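Please read these numbers as outputs of a predicted model, since none were measured by experiment.
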Amino acid sequence: MNQPDSQKAPTRRAVLQGGLGAGALLATGVAAFAAPAGFDQWRDNFRARALAKGISDATWTRVMGRIEPDMTVFRQMQKQPEFHEQIWQYINRRVSDWRIINGREALKKHEALFARIEQDFGVERGTLLALWGVESAYGDPLVQQNHMRPIFPALAALAWNEPRRRAYWETELINALRIVDRGWGTPEEMRGSWAGAMGHTQWMPEVWLNVGMDYDKDGRVSPFGKPDDALGSSARFLLNRGKYHRGEHWGYEVRTSGGAASGSRTYAAWASAGVTRADDKPFPQPNASAQMWVPVAGGPSFLLGPNFYAVRSYNPSMNYALAICHLGDRILGAPPFIQPFPGSERALTLAEVQELQTRLTKAGFDTGGTDGRVGNDTMKAVRDYQTKMGLLPADGYGGLKVLARLRQGG
């Protein structure tokens with residue numbers, strides 16, 4: 001979404017998270033989503049400000065000359081999907097068969113790029129593959145086309161008519177125009193979220209401008225097309241902002257002989273205290289430091305090194321960081337966690353997810369596709385099906401229980 005790599009860039013999610021609350025302040029009915037009068041006048045007035053910020057008249061005319069505001073963004077702000085996932089559900093959905101399989105294909109295709117990034121920045125290829133897979137499905141153009149919207153009509157609507165943070169949205173609209181002015185992207189390819197996040201890493205325009213680097217040395221920073229600039233920029237961010245440690249793994253699933261201790265210790269000290277890797281292998285860097293984390297009592301325990309927290313700097317969520325780190329390991333051939341989370345199900349296979357989506361769609365619950373990728377459309381379809389069938393909790397998680405019920409013809 002909004003990825004940082006400059007010294008003072010905002011944390012990756014901060015900008016959009018701030019925007020999410022704005023919808024609560026919009027006292028709207030359906031009529032409010034129609035384009036109110038006054039947009040043309042606002043656009044004419046805004047033109048002078050954009051040109052004063054250095055936007056060329058040619059770019060302004062090309063992008064904004066006949067633009068219409070995308071008023072559906074206000075509905076998106078108000079109705080962000082709420083799915084209360086348990087941690088095992090959160091991880092299963094992100095560490096999916098589809099992402100593991102396609103992550104391995106992406107690695108084969110871009111082996112030289114990941115080797116170069118590891119040499120330049122020291123960031124493990126698994127981590128970057130996982131970030132790329134979660135943020136944009138490895139840059140899949142079908143995702144851009146089918147699940148993203150043109151960002152200029154969206155940003156124009158927000159800059160014109162969002163009452164709480166209008167100045168912010170105006171700035172991001174100018175940032176997006178600046179990207180076109182620099183030749184980094186065309187208006188047609190600049191598709192993304194309702195808030196303007198776009199490209200391989202789903203960064204906001206401001207972050208592309210301040211964090212993006214021309215890693216492939218073609219004279220521009222490219223949010224789209226080749227992934228070199230996006231992945232190189234992400235690695236530099238993890239190194240600079242996240243303080244990534246070259247040559248260290250993010251951490252390990254472990255077994256403990258007693259209660260979990262707090263504080264940072266070396267792996268050797270943890271081993272002396274009776275903590276071992278869950279796979280019984282030795283800690284490869286006994287003098288590196290780590291902290292204990294037990295997400296859920298009775299579930300897997302982890303020793304987390306600095307690189308776990310480097311990933312967390314990308315998105316300040318422990319669950320997100322664990323999903324990214326685990327997905328990276330799985331892409332590179334590691335098994336699932338050895339100790340299951342309490343009450344968890346195994347993740348569905350790719351074929352099972354596709355079957356789930358097909359059965360839901362045939363039952364009248366549109367999943368937005370049957371490709372094995374679980375997004376908000378599939379989760380909403382699952383929740384609606386659970387609600388109709390009286391399956392509790394109606395949490396939107398499409399797992400083995402929901403698939404079994406669908407197979408029964410319910």
Check: Between T361 and T358, is a side chain to side chain donor-acceptor pair (under 3.5 Å) present by the stated rule, with each step listed?
Finding: CA-CA 5 Å; T361 300; T358 299; over 6 Å; no

Next item on the list: Please step through side chain to side chain donor-acceptor pair (under 3.5 Å) for the pair N319 and S317, ending with a clear verdict.
Entry: CA-CA 5 Å; N319 291 356; S317 161; 5.3 Å; no

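Under a 4.0 Å N-O distance rule, the pair K380/D366 does not qualify as a salt bridge.
Checking Q41 against D44 by side-chain atom types alone, no donor-acceptor pair falls below 3.5 Å. Checked by atom type, the side-chain pair R149/S193 shows no donor-acceptor distance below 3.5 Å. For the residue pair H200/D229, the side-chain donor-acceptor check at 3.5 Å is not satisfied. One side chain, T59 or D181, offers a donor N or O that lies under 3.5 Å from an acceptor on the other.
Under the rule for a salt bridge (Lys or Arg N to Asp or Glu O under 4.0 Å), the partners of D140 that lie at least two apart in sequence or sit in another chain are R373. By the salt bridge (Lys or Arg N to Asp or Glu O under 4.0 Å) test, E253 is found to be paired with no residue, residues two or more places apart in sequence or in another chain being considered. In terms of the salt bridge (Lys or Arg N to Asp or Glu O under 4.0 Å) criterion, residue partners of D120 (sequence neighbours excluded) are, by chain and number, R116. Taking the side chain to side chain contact (heavy atoms under 4.5 Å, CB included) definition, one finds that Q386 meets it with V382, R383, L391, A394, D395, V402, sequence neighbours left out. Applying the side chain to side chain contact (heavy atoms under 4.5 Å, CB included) rule to H245 yields the partners E248, P306, N307; only residues at least two apart in sequence or on another chain are considered.
The cationic atom of R182 (NZ for Lys, CZ for Arg) lies less than 6.0 Å from the six-membered ring centre of W184 and within 45° of the ring axis.
Listed by first and then second residue, the side-chain hydrogen bond (donor to acceptor under 3.5 Å, both in side chains) pairs involving residues 347-357 are R346-E352, T349-E352, E355-R359, E355-R407, Q357-T378 (not counting sequence neighbours).
Here the rule is side chain to side chain contact (heavy atoms under 4.5 Å, CB included) with R99, and of R330, R94, R93 only R94 fits it. Evaluated for a side chain to side chain contact (heavy atoms under 4.5 Å, CB included) with Q291, the options W270, F308, Y309 yield exactly one hit, Y309.
Ring-centre distance between F337 and H326: below the 6.0 Å cut-off.
The shortest side-chain heavy-atom distance between M292 and V275 falls under the 4.5 Å cut-off. Residues V180 and F152 are in side-chain contact: their nearest non-hydrogen atoms beyond the backbone lie under 4.5 Å apart.
Below 30°, between 30° and 60°, or above 60°: for F114 and H110 the angle between ring planes is above 60°, a perpendicular geometry.
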